[in-house]
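Each residue takes its place number in the sequence, starting with 1. Counting starts at 1 for both ligands and their atoms, following the listed order.
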Amino acid sequence: MDLHGKVGLITGGGSGVGLAIARRCASHGMAVGLLGRRAAPLEAAVAAIEAEGGVAMALPANVAVWDEVEAAVARLTGRFGRLDLLVNNAGVSGRGTVEETSVATWRETIEINLIGAFHCAKAAIPHLRAAGGGWIIGISSGAAKRGYAGLSAYAASKAGLALFDESLALELEADRIKVSTIILGTVMTDFGTRSREQKQASRAAGEKFMEPDDVADAVDYLLHQSACAWTQELNLWPR
Ligand SMILES: NC(=O)c1ccc[n+]([C@@H]2O[C@H](COP(=O)([O-])OP(=O)(O)OC[C@H]3O[C@@H](n4cnc5c(N)ncnc54)[C@H](OP(=O)(O)O)[C@@H]3O)[C@@H](O)[C@H]2O)c1
């Protein structure tokens, strides 16, 4: 699969897993749009990708707001003329027990992690179809597979994302748009309640973590898979 000249949209592309995926796509010659709420990390990520010889565009937007997603996709396709890949990676952890979590926080977690993915897919699909096919990849979590105390909104959103992706895959098969879900174990990023520094200390004490590049490897695998094969779900655990 020659990815040169193709265009990708990576939500949460300004940090952690999303940035690693964006860098990898850019290294294959793809132009990448990086979507997130904060402009500063997006601009820094664009500068880093450009310094590596890649092409990238910052798209400040909130995935939970349809108008912002629609405008961001229009900006990206307006500049590069096409869209081949959407990675629904933006997410928040929404940590807290049901009793201690406010209605607003529970709702926001679902709106970002699940409805945000719907918004991005809805805006991207006409462009993916016009490109003759492509990929939508959802970044889910081990919390989609079993419940975790204190992560009810997160687990529900990530389980919802996996079933959303599976349904979308069936809707888009005839358009040669492959929809896949990557289920992730713990990755060395600032996600959740622990910083990377705290996670490094836990790693030194024996806890296992993947690196963001391990997730980029999984995306690479999906992008280079034969047209005859579809990976519905890829489970990735630390070793
Ligand atoms: N790290 C792990 O252990 C782990 C494990 C399993 C799954 N995951 C999943 O991996 C994905 C990436 O997480 P990460 O580890 O790379 O953490 P991260 O660095 O905190 O990345 C999350 C990204 O999502 C963006 N984001 C959050 N809310 C958004 C919104 N409303 N609109 C647009 N962008 C938004 C953030 O940017 P802004 O704040 O600027 O918007 C940030 O760039 C998440 O979906 C997470 O659930 C992570």
Side-chain angles (χ1 to χ4, degrees), residues 9-24 32-46 48 56 58-73 86-95 104-105 107-120 123 137-146 148 151 153-162 164-165 181-200 202-203 207-216 218-219 233-238:
L9 172 61
I10 323 293
T11 72
S15 65
V17 167
L19 178 53
I21 294 169
R23 287 179 113 128
R24 184 67 62 86
V32 285
L34 313 180
L35 190 151
R37 292 167 300 184
R38 293 165 298 146
L42 297 178
E43 298 294 352
V46 167
L59 298 166
N62 183 345
V63 294
V65 180
W66 165 247
D67 290 352
E68 292 188 22
V69 170
E70 201 180 23
V73 170
L86 164 66
V87 182
N88 274 320
N89 164 77
V92 292
S93 69
R95 187 174 284 273
T105 298
R107 188 185 297 274
E108 182 189 49
T109 305
I110 301 292
E111 283 179 346
I112 293 173
N113 296 1
L114 181 54
I115 300 177
F118 161 76
H119 286 159
C120 293
I137 298 173
I139 304 298
S140 183
S141 160
K145 296 288 185 184
R146 45 159 292 201
Y148 286 86
L151 282 177
Y154 185 71
S157 70
K158 291 298 188 181
L161 178 64
F164 170 71
D165 285 343
T181 306
I182 302 179
I183 301 281
L184 287 187
T186 321
V187 188
M188 184 60 71
T189 71
D190 290 318
F191 189 78
T193 51
R194 290 183 293 171
S195 67
R196 251 173 304 184
E197 288 68 28
Q198 290 167 316
K199 288 177 183 173
Q200 291 288 6
S202 300
R203 177 183 266 170
E207 191 178 343
K208 291 172 179 163
F209 295 89
M210 292 179 285
E211 293 295 333
D213 265 341
D214 295 318
V215 189
V219 170
E233 185 179 285
L234 199 155
N235 293 279
L236 206 57
W237 310 121

> Given A90, A40, S15, which has its nearest heavy atom closest to atom 34 (N) of ligand 1?
Replying inline: A90

> Which residue holds the protein heavy atom closest to atom 22 (C) of ligand 1, what is that atom called, and what is the gap in Å?
Replying inline: G91 O, 3.7 Å

>> Can you tell me how far apart CG (L19) and CG (L34) are? Round to the nearest 0.5 Å.
In response: 7.5 Å

> Which heavy atom of the protein is the closest neighbour of atom 14 (P) of ligand 1, given with residue, atom name and distance?
Replying inline: T189 OG1, 3.6 Å

>> Counting only heavy atoms closer than 4.0 Å, does ligand 1 sit against the backbone of V92, its side chain, both, or neither?
In response: side chain

>> Taking 4.0 angstrom as the limit and counting only heavy atoms of N89, give me the atoms of ligand 1 inside it, by number and element.
In response: 10 (O), 11 (C), 12 (C), 44 (C), 45 (O)

> Do L35 and ligand 1 have an N or O pair less than 3.5 Å apart?
Replying inline: no

> Would you say T11's side chain and N89's backbone share a donor-acceptor pair under 3.5 angstrom?
Replying inline: yes

>> So for D190, does at least one of its heavy atoms come nearer than 4.0 angstrom to any atom of ligand 1?
In response: no

> When you measure from the side chain of Q198 to the backbone N and O of S195, does any donor-acceptor pair fall under 3.5 Å?
Replying inline: yes

>> I need the nearest protein heavy-atom contact for atom 20 (O) of ligand 1: residue, atom name and distance, please.
In response: F191 CD1, 3.8 Å

>> As an exercise, state the distance from CG of N62 to CD of E108, rounded to the nearest 0.5 Å.
In response: 8.0 Å

>> Heavy atom to atom 10 (O) of ligand 1, shortest distance: which of T109, L59, I139 holds it?
In response: I139

> Taking all non-hydrogen atoms of both residues, which atom of A72 and which atom of L59 are closest, and how far apart?
Replying inline: O-CD2, 3.7 Å

> Is N62 in polar range of ligand 1, meaning some N or O pair under 3.5 Å apart?
Replying inline: yes

> Nearest to atom 25 (C) of ligand 1, what protein heavy atom do you find, and at what distance?
Replying inline: G12 CA, 3.7 Å

> Which of the atoms of ligand 1 are close to S141, meaning less than 4.0 Å from one of its heavy atoms?
Replying inline: 6 (C), 7 (C)

>> Has K199 got a side-chain atom pairing as donor or acceptor with T189's backbone, closer than 3.5 angstrom?
In response: yes

> Which one holds for S140 and ligand 1: side chain close, backbone close, both close, or neither close, with close meaning a heavy atom under 4.0 Å?
Replying inline: backbone

> Can an N or O of Y154 be found at a distance shorter than 3.5 Å from an N or O of ligand 1?
Replying inline: yes

> Relative to ligand 1, is A61 under 4.0 angstrom through side chain, backbone, both or neither, heavy atoms considered?
Replying inline: backbone

>> For atom 40 (O) of ligand 1, what is the closest protein heavy atom, and at what distance to 0.1 Å?
In response: R38 NE, 2.7 Å

>> Looking at every heavy atom in both A218 and L236, which two are closest together, and how far apart are they?
In response: CB-CD2, 3.9 Å

> How many angstroms lie between NZ in K158 and CG in L184, if you round to the nearest 0.5 Å?
Replying inline: 8.0 Å

> Under the 3.5 angstrom rule, does the side chain of D165 hit a backbone N or O of A162 as a donor-acceptor pair?
Replying inline: no

> Which residue owns the protein heavy atom closest to atom 16 (O) of ligand 1, what's the atom, and how far is it?
Replying inline: V17 N, 2.8 Å

> Any nitrogen or oxygen of G13, main chain or side chain, under 3.5 Å from a nitrogen or oxygen of ligand 1?
Replying inline: no

>> Can you tell me how far apart NE2 (H119) and CD1 (I112) are? Round to the nearest 0.5 Å.
In response: 11.5 Å

> Going through the distances and angles, do I21 and I139 end up as a side chain to side chain contact (heavy atoms under 4.5 Å, CB included)?
Replying inline: CA-CA 11 Å; I21 294 169; I139 304 298; 4.1 Å; yes

>> Looking at R107, I'd like to know if its CZ atom is crowded, meaning that more than 12 non-hydrogen atoms belonging to other residues, nucleotides or ligands lie closer than 6.0 Å.
In response: no

>> With rounding to the nearest 0.5 angstrom, report the CD1 to OG1 distance, I115 to T109.
In response: 11.0 Å

>> Give me the residue, atom name and distance of the protein heavy atom closest to atom 5 (C) of ligand 1.
In response: G185 O, 3.2 Å

> Any N/O of V63 closer than 3.5 Å to an N/O of ligand 1?
Replying inline: yes

>> Is it the case that ligand 1 has an N or O less than 3.5 angstrom from some N or O of K158?
In response: yes

>> Within this structure, what is the CD1-CD1 distance for the pair I137 and I10, rounded to the nearest 0.5 Å?
In response: 8.0 Å

> Which atoms of ligand 1 have any heavy atom of T186 under 4.0 Å away?
Replying inline: 3 (O)

> Are R95 and L151 close enough that some pair of their side-chain heavy atoms sits under 4.5 Å apart?
Replying inline: yes

> When you measure from atom 2 (C) of ligand 1 to every protein heavy atom, which one gives the shortest distance, and what is it?
Replying inline: V187 N, 3.4 Å

> What atoms in ligand 1 come closer than 4.0 Å to a heavy atom of G16?
Replying inline: 16 (O), 19 (O)

>> I need the atoms of ligand 1 closer than 4.0 Å to a non-hydrogen atom of L184, numbered in the order shown.
In response: 6 (C), 7 (C), 8 (N)

